[in-house]
Amino acid sequence: MDAQQASEALNAWYLRNARPLPWRADGTTAWGVLVSEFMAQQTQVDRVIPHWLEWMERWPTPSALAAAEPGEAVRAWKRLGYPRRALWLHRAAMEIAEQYGDEVPSDVDTLLGLTGIGPYTARAVAAFAFHERHPVVDTNTRRVIARAVHGLAAAGMPAARDLVDMEALLPSDRDSAAVFNAAAMELGAVICTARAPRCDECPISRWCEWRGAGYPDNAPAKKPKQAAFQGSDRQVRGRIMQLLRSTHDPVSHDDALTAAAHGGVADELQPKRALDSLVTDGLVVEYEGALKLP
DNA sequence: AAGCCGTGGGT
DNA sequence: TACCCAAGGCT
């Protein structure tokens with residue numbers, strides 16, 4: 001595997017084939033990049049697009065969002081999932097507005113200090129918004145490296161090693177590095193997919209160690225699979241959030257618990273357990289004996 | 001630090 | 001259909 005040739009081929013492919021995601025357009029602010037990264041956490045980017053467009057129109061700066069009620073952020077999050085991200089994004093907006101003069105920080109360590117920003121998002125913002133040279137490693141990148149470099153069918157558990165691997169492949173030039181980070185993610189999302197990779201369309205198939213080895217079934221151990229969603233507290237929490245998003249009026253406990261149970265519960269305590277956890281998370285607040293978004 | 005946290009698309 | 005998986009992060 002010639003890393004130099006492969007990375008150049010990958011970048012060239014990206015420049016010609018990258019999907020026209022709206023936050024990739026020229027002139028997108030660092031805030032816009034940050035919002036897109038929050039929304040894309042554990043969420044396929046195609047689903048993010050309409051939410052991002054609406055969000056940026058409504059809250060074009062961190063201070064604009066910070067001035068809104070956090071519950072309005074949760075409401076605008078709609079059905080994107082993991083609504084805590086909306087709360088965290090609002091919190092990050094307040095931190096940026098109050099502590100950083102309404103300017104999204106470009107420094108990875110500063111970004112890591114913001115609510116809801118971890119190792120991936122911090123580097124993604126630094127690389128894509130500011131073209132700083134950092135390895136950006138997401139689930140797509142991990143899979144591409146596992147296959148192309150390590151000859152494995154899939155990535156193993158996330159590890160510090162991932163950053164080292166990506167750093168070793170990263171072009172030295174800042175702009176090329178930023179493109180390469182995006183290109184590795186794009187390849188994983190569009191071509192080198194988890195389930196049915198399209199190797200016949202892959203720009204680096206000729207350097208791929210996994211392909212060269214004849215696609216061995218050698219996937220390392222990975223994270224335990226997600227618990228079943230059906231019957232889970234997550235599903236029941238989702239029902240309550242859906243009700244609260246649907247109205248600006250306070251919702252009674254009875255109505256919330258009824259909505260929680262609609263469609264079935266795993267046990268009798270589940271509706272109350274789900275509601276209590278939402279209150280603990282700050283996604284629901286008690287207000288004059290009733291419930292509302294924060 | 002292992003488990004938890006929504007929702008929907010692809011196979 | 002049921003299952004896997006998705007531009008992760010927090011506790």
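Naming: A, B, ... by sequence-line order, numbering from 1 per chain.
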Would you say [X] reaches [N]'s phosphate, i.e. side-chain N/O to OP1/OP2 under 4.0 Å?
X        : N     : value
A/Thr121 : C/dG9 : yes
A/Thr139 : C/dA6 : yes
A/Arg245 : B/dT7 : yes

Cationic N near anionic O, under 4.0 Å, [X] to [Y]:
X        : Y        : value
A/Glu69  : A/Lys292 : no
A/Asp165 : A/Arg161 : yes
A/Arg273 : A/Glu268 : no

Nearest-Å distance, [atom1] ([X]) to [atom2] ([N])?
X        : N     : atom1 : atom2 : result
A/Arg123 : C/dG8 : CZ    : P     : 14 Å
A/Asp276 : B/dC4 : CG    : C1'   : 16 Å
A/Trp88  : B/dG6 : CH2   : C1'   : 12 Å
A/Met157 : C/dC5 : CE    : P     : 14 Å
A/Leu80  : B/dG8 : CG    : C1'   : 10 Å
A/Arg85  : B/dC4 : CZ    : P     : 19 Å
A/Ile240 : B/dC5 : CD1   : P     : 12 Å
A/Trp77  : C/dG8 : CH2   : P     : 13 Å

Using a cut-off of 4.0 Å on non-hydrogen atoms, how would the nucleic acid contact of [X] be classed: base, sugar-phosphate, or nothing?
X        : answer
A/Leu87  : nothing
A/Gly81  : base
A/Lys222 : sugar-phosphate
A/Trp23  : base
A/Arg19  : base
A/Arg142 : nothing
A/Ala194 : sugar-phosphate
A/Gln226 : base
A/Arg84  : base
A/Pro158 : nothing

Q: For A/Arg47 and for A/Thr193, locate the closest nucleotide of DNA chain B by heavy-atom distance; then report the residue assigned to the nucleotide nearer the 5' terminus.
A: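 Whichever sits nearer the 5' end wins; that is A/Arg47.
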Q: Please figure out whether A/Ala196 or A/Gly238 has its closest DNA chain B nucleotide nearer the 5' end.
A: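 So the residue in question is A/Gly238.
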**Q.** Separation between NE2 of A/His134 and CE of A/Met166, rounded to the nearest 0.5 Å
**A.**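 Reported value, rounded in 0.5 Å steps: 13.0 Å.
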Q) How many angstroms lie between atom OG of A/Ser176 and atom NE2 of A/His131, to the nearest 0.5 angstrom? A)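 Going from the OG atom of A/Ser176 to the NE2 atom of A/His131 covers 10.0 Å.
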From the list [options], which nucleotide is the closest neighbour of the side chain of [X]?
X        : options             : result
A/Pro83  : C/dC4, B/dC5, B/dG6 : B/dG6
A/Arg234 : C/dC5, C/dG8, B/dC5 : B/dC5
A/Gln44  : B/dT7, B/dG9, C/dG9 : B/dG9
A/Phe229 : C/dA7, B/dG6, C/dG9 : B/dG6

Look only at the side chain of [X] and the backbone of [Y], and say whether a donor-acceptor pair between them is shorter than 3.5 Å.
X        : Y        : answer
A/Thr43  : A/Gln41  : yes
A/Arg245 : A/Lys78  : yes
A/Trp31  : A/Trp59  : yes
A/Arg75  : A/Thr247 : yes
A/Arg143 : A/Cys192 : yes

Q: Hey, which sits more toward the 5' end of DNA chain C by its nearest nucleotide, A/Ala189 or A/Lys225?
A: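 Closer to the 5' end of DNA chain C: A/Lys225.
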Q.
Does A/Thr43 contact B/dG6 through a side-chain donor or acceptor facing the base, at a distance under 3.5 Å?
A.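 Checked by distance alone, the answer is yes.
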Q.
Counting distance alone, no hydrogens or angles: does the base of C/dC5 have a donor or acceptor under 3.5 Å from a partner atom on the side chain of A/Arg195?
A.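 Answer is no: no donor-acceptor pair is held.
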(Q) With a 6.0 Å cut-off (strictly less than), is the heavy-atom count around NE2 of A/His253, excluding the residue itself, greater than 12? (A)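 More than 12 heavy atoms, drawn from other residues, nucleotides or ligands, come within 6.0 Å of this atom.
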Distance check, [atom1] atoms only: [N] and [M], in whole angstrom units.
N     : M     : atom1 : result
B/dG8 : B/dC4 : P     : 22 Å
C/dA7 : B/dA2 : P     : 24 Å
B/dC5 : B/dG9 : P     : 22 Å

Q | Those residues of residues 129-136 of chain A lying under 4.0 Å from DNA chain C by at least one heavy atom | A |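 Correct list: empty, so none.
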(Q) Below 4.0 angstrom, which residues in residues 32-40 of chain A have at least one non-hydrogen atom near DNA chain C? (A)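 Output list: A/Glu37, A/Ala40.
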Q. Any side-chain heavy-atom pair from A/Arg133 and A/Glu167 closer than 4.5 angstrom?
A.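 A/Arg133 vs A/Glu167: side chains touch.
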